[in-house]
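Written below as structure tokens is the structure these notes are about.
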Amino acid sequence: MLVAFSVTPLGVGDAVGEYVADAVRVVRDSGLPNHTDAMFTTIEGDWDEAMAVVKHAVEAVAAKAPRVSVVLKADIRPGVTDALSAKMESLERHLAG
């Protein structure tokens with residue numbers, strides 16, 4: 001499955017980069033395939049491992065922030081692997097054609 005999520009600390013002011021970095025660090029240390037852009041971090045794994053990473057990322061932010069907002073979107077396709085890169089490769093093929 002692919003899980004795209006964002007974790008936003010609330011009640012800490014406008015500068016949230018330090019808090020978001022804590023969440024992304026959890027994702028990168030997880031060993032799961034991942035990609036972070038300006039809006040979301042996407043991870044690939046099975047349900048239990050992906051949701052565990054999301055939970056730990058939220059906990060990392062919650063350790064420093066009084067409140068946390070989470071936005072999550074999941075693409076659940078049993079038996080599919082390497083979807084994180086395969087979807088982008090398909091898009092690029094269509095853009096080139």
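All of these numbers come straight from a predicted model, not from anything done at the bench. The first residue of the sequence shown is numbered 1, and numbering continues consecutively from there.
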For Gly45 and Leu32, the nearest pair of non-hydrogen atoms, with its separation, is CA-CD2, 4.4 Å
Do the side chains of Phe40 and Val70 join up, straight or via other hydrophobic residues, at under 4.5 Å, putting them in one cluster?
-> no
Linking I/L/V/M/F/W/Y whenever any side-chain heavy atoms sit under 4.5 Å apart, do Leu2 and Phe5 land together?
-> no
Please examine the side chains of Lys87 and Leu91, heavy atoms only from C-beta on, and report whether any two atoms are closer than 4.5 Å.
-> no
With the side chain counted from C-beta on, respond yes when Val7 and Tyr19 share a heavy-atom pair under 4.5 Å apart, and no when they do not.
-> no
Might you point out which heavy atoms bring Leu84 and Asn34 nearest each other, and give the distance in Å?
-> CD2-N, 3.5 Å
Ser6 versus Met39, closest heavy-atom pair with distance | CB-O, 3.4 Å
Below 4.5 Å, heavy atoms only, C-beta onward: do Val3 and Thr42 meet side chain to side chain?
-> no
Got a donor-acceptor contact below 3.5 angstrom from the Glu44 side chain to the Asp82 backbone?
-> yes
Please examine the side chains of Trp47 and Ile76, heavy atoms only from C-beta on, and report whether any two atoms are closer than 4.5 Å.
-> yes
What's the verdict on side chain to side chain contact (heavy atoms under 4.5 Å, CB included) for Leu72 and Val54, showing C-alpha distance, side-chain angles and the deciding distance?
-> CA-CA 9 Å; Leu72 184 141; Val54 171; 4.0 Å; yes
Between Ala57 and Val26 the two heavy atoms that sit nearest each other are N-CG1, 3.7 Å
If you take all heavy atoms of Gly11 and Pro66, which pair is closest and at what distance?
-> O-CG, 4.0 Å
Between Asp22 and Ala60, the two heavy atoms sitting closest are O-CB, 4.0 Å
Compare all side-chain heavy atoms of Met88 with those of His35 and state whether any distance is below 4.5 angstrom.
-> no
Roughly how far apart are Asp46 CG and Met1 CE, rounded to 0.5 Å?
-> 9.0 Å
Indicate whether the side chain of Thr41 and that of Thr36 have a donor and an acceptor atom separated by less than 3.5 Å.
-> yes
